[in-house]
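When a residue number appears, it is its place in the shown sequence, counting from 1. Each ligand, and each atom within it, is numbered from 1 in the order the structure gives.
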Amino acid sequence: MRNYLIEDLPHYFEDYKKSIKNPKKFWDKIADENFVWYQRWSKVVKYDMNEAKISWFKNAKLNITKNCLDRHLSVRGDKTAIIWEPNDPKEEAQHISYSELYKRVNKTANVLRDMGIEKGNRVCIYLPMIPELAITMLACAKLGAIHSVIFAGFSASAVASRVNDCEAKMVITSDGSYRGNKILDLKSIVDEALEKTPSVEKVLVVKRTQNEVSMKENRDFWMENLYENASPDFVSVIMDAEDPLFILYTSGSTGKPKGMLHTCAGYMVYTAYTFKNVFNYKENDIYWCTADIGWITGHSYILYGPLLNGATTVIFEGVPTYPQPDRFWEVIEKHKITQFYTAPTAIRSLAKESVEWVDKHDLSTLKVIGSVGEPINEEAWHWFNDHVGKKKCPIVDTWWQTETGGIMISPLPFVTPTKPTYATLPLPGIQPVLMDDKRNEIMGNQVTGNLCIRFPWPGIARTIWGDHQRYKETYFTAFPGKYFTGDGALRDEVGYYRITGRVDDVIIVSGHNLGTAPIEDSINQHPAVAESAIVGYPHDIKGNALYGYVVLKETGESRQRENLKKEINQLISEQIGPIAKLDKIQFVSGLPKTRSGKIMRRILRKIAEGDFTNFGDITTLLNPEIVEEIKNERI
Ligand code: PRX
C-alpha cells in the first residue's frame, strides 16, 4: 500500500488544496493504488446534489472481502486479524489469524447460501460482540447479501420495525449475551419481534451463553451444526461498485428509523483511507475501538477499515466497569494496544473513578488515542490526555456520522496540532462549509453556522432504504446543492472546526443518536397521556440526558404520577430500548406552541437546562401563559 500520510502541516495544506481542486484525481489515485478490483471504473464520480444522486467508481467490479481477507493471505496469513476479548477476564481471549478468519467467513457464507440467501437479500444480525458478529457480516458481504446489524440493546419492537423496513429474509442471533454481570436473552427478544415480521424465513442461532432457548421448527437453526458441515471454500460474488453493502438504521426526526444504505466500492475506499490516516496505522500496531459493531463506528473502525489495512483489531465483548473500573486499562496493557478509540461518555464515566485504576496499568504502548460520537468537553479531553495518553499521544477527536460512512473532520496525528474540544481540520478530500439560516455560505473564520459538505466523498450513504425522497429532503433540501449534516459548528481563528451539537430533533445520549419523535410516539401510546415533548439537557456523564414534558388526559394524584413515570419509562424501554429512558419527567398542563401548532422546543430546552433568560418574544405563542407554569414547576 502506498503511504498517503501527510507528513507535516504545510504539506497538509498543500495536499488539502490539491484534493479539493481536483477531487476526482485525488480519489482516483487512492482507489487505484490501494485495492484489488476485478474491473476498473469508467468514471470516478457522478453526482447531482439537488436530486441526491451520487455514484462513485462507476462500473468497477469488486468484493470488499477480497480486500479485507484474500489479498492478505500471502503476506500476513498468520497475522492476527481479530483479537476477541471476552466479557469475563477469566475467559481466554481468542486470536484469529487472517487465514483462520478467511476460512470461518467462507464456511459461514456457505451456511447462508445453503439456507437460501442470495445476492441482494437482506440479513439482519442481532448478536453480541463475539467473533461471529464480524464473521457473519463478512460472510454476507462475500456472497453479496446486504447485512443490517441491529444493536443488541434494542427492544423487540425496535428489532421488528427494522426487520420489516428492510424485509429481511433471515435473522442471525444468539442464545444470549453477556454484559458485565448480566445475561441478556437475545433469542426471546427475536422471538417476540418475529411475531410481526412476515419476511423472515430462517433464524440462525449462535451459541454463546448456553441459555435454554426455544427453537421453532423449520425456522430456527443452530449455527454450529450447520457450520461444522460447511465447506471452507467459497468464491466471492462479484459486486458492482454501487451494489449495496449494508443498511444501518439511525434515528431521524420522525418515528421511523432511517435505513442508511452504504455501497461497496465507495465505502471500502473511504474507510480504508480514513483508518490509515486518522490512526496513523503501521503494520504491527494493535488497534482497539471500544464501540459496538451495531453502530457505524464499529462497522467502519472495528471491522472494515482495520481489515482493509491488514490490521489487528480488537473486539471487546464487555463493559468498561466490569469486573472493575480498570477493565479498559487492563485490556490495553494485556494486548499492548497502540491505538485506542473510544467515546466521551465512557471517558467521563471512567474519569469519575479514582485515577489509581488507570495508573496501575502500563499504557506505554499507546501512540494515538481517539474520541467519537459526541462533543468531548474540555475536562474529559484533559483527563484523557493526561492520564491515558500521558500527554504524549495525540487525541484524534473525530467528527462524522452514520451517513458519512467514515471520519470527515479530525486531526491527523503528529501532523495537526490538537486543540481541546476541536475536531480541527477536514481530511483531504472533504469540503466542509458553514451556512447561515438564510442559506448563505459564511465565509472567513471565527464564525458559527450550520455544517454542510460541499462535494460528495466516496463514503457518503447513497439513500435511505426504500425512501429516496426522505433522503433528499433530510440531507439535500435545507441548503440546496450541499449535504446538510444536522450539526452546528464553529470555525475558529485558524480554521479549526468545533462541533457545537445537533441543530435538529436528534439528541445524543451517551453517544447514542436518539430522535425525539420515536420516544414521543412511545409515550403518547400510554392511555393516560395526551401529548409529550422531549428535549435534551446537559448531563455530567451521558453528555445529554432526556427531559420529558408530558401532558396528561386527566390530572392525577401525585402517587399515581410516580407510577405513571415508571410506566412511561417501561413503555419506552419496551418499544425502543433502555437507552432511550427519560431521566426527568415533568407533568405539565400544556406545551408552548406556535399559532401553527408547532411545539416550541427551544423554550422547553432552555427550561430543562435551567436557563430562564432570552426566551424571545413569547407573546406570539398560542398559549404564552404556559411558559411561566412550566418554569415554576421545573424538576
Ligand atoms: O452530532 C454529531 C455527533 O454524532 C452525530 C452522528 O451520530 P451517529 O450517526 O450515531 O454516528 C456516531 C459515530 C460517528 C453527529 O451528527 N458526533 C459524532 N462525532 C462527534 C460528534 N459531535 C462532536 N464531536 C465529534 N467528534
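Remark: Pro432 engages Tyr16, Ile409, Pro426, Ile430, Leu451, Ile453, Tyr497 in a side chain to side chain contact (heavy atoms under 4.5 Å, CB included) (not counting sequence neighbours). In this structure Tyr249 satisfies the ring-ring contact (aromatic ring centres under 6.0 Å, His included) test with no other residue, sequence neighbours excluded.
Taking the centre and axis of the six-membered ring of Tyr537, the NZ or CZ atom of Arg605 falls outside the cone set by 45° and 6.0 Å. Remark: Lys419 qualifies as a cation-pi partner of Tyr422 under the 6.0 Å distance and 45° angle criteria applied to the six-membered ring.
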Which atom pairs, donor and acceptor, lie under 3.5 Å between side-chain atoms of residues 384-400 and protein residues at least two apart or in another chain?
| unit_1 | atom_1 | unit_2 | atom_2 | d |
| --- | --- | --- | --- | --- |
| Lys390 | NZ | His387 | O | 2.8 |
| Lys392 | NZ | Leu366 | O | 2.9 |
| Thr398 | OG1 | Tyr341 | OH | 2.6 |
| Thr398 | OG1 | Ser371 | O | 2.9 |
| Trp399 | NE1 | Asp487 | OD2 | 2.9 |
| Trp400 | NE1 | Tyr341 | OH | 3.2 |

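One finds a salt bridge joining Asp504 and Arg502 here, because a Lys/Arg side-chain nitrogen approaches an Asp/Glu carboxylate oxygen to under 4.0 Å.
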Distances for all N or O pairs of ligand 1 and the protein under 3.5 Å?
| unit_1 | atom_1 | unit_2 | atom_2 | d |
| --- | --- | --- | --- | --- |
| ligand 1 | 1 (O) | Asp487 | OD1 | 2.6 |
| ligand 1 | 1 (O) | Asp487 | OD2 | 3.2 |
| ligand 1 | 4 (O) | Gly373 | O | 3.2 |
| ligand 1 | 7 (O) | Asn513 | ND2 | 3.2 |
| ligand 1 | 9 (O) | Thr402 | N | 2.8 |
| ligand 1 | 9 (O) | Thr402 | OG1 | 2.6 |
| ligand 1 | 9 (O) | Asn513 | ND2 | 3.3 |
| ligand 1 | 10 (O) | Asn513 | ND2 | 3.3 |
| ligand 1 | 16 (O) | Gln401 | NE2 | 2.9 |
| ligand 1 | 16 (O) | Asp487 | OD1 | 3.3 |
| ligand 1 | 16 (O) | Asp487 | OD2 | 2.5 |
| ligand 1 | 16 (O) | Arg502 | NH1 | 2.7 |
| ligand 1 | 17 (N) | Gly373 | O | 3.4 |
| ligand 1 | 19 (N) | Gly373 | N | 3.1 |
| ligand 1 | 19 (N) | Thr398 | O | 3.4 |
| ligand 1 | 22 (N) | Pro375 | N | 3.4 |
| ligand 1 | 24 (N) | Glu374 | O | 3.4 |
| ligand 1 | 26 (N) | Asp397 | OD1 | 2.7 |
| ligand 1 | 26 (N) | Thr398 | O | 2.8 |

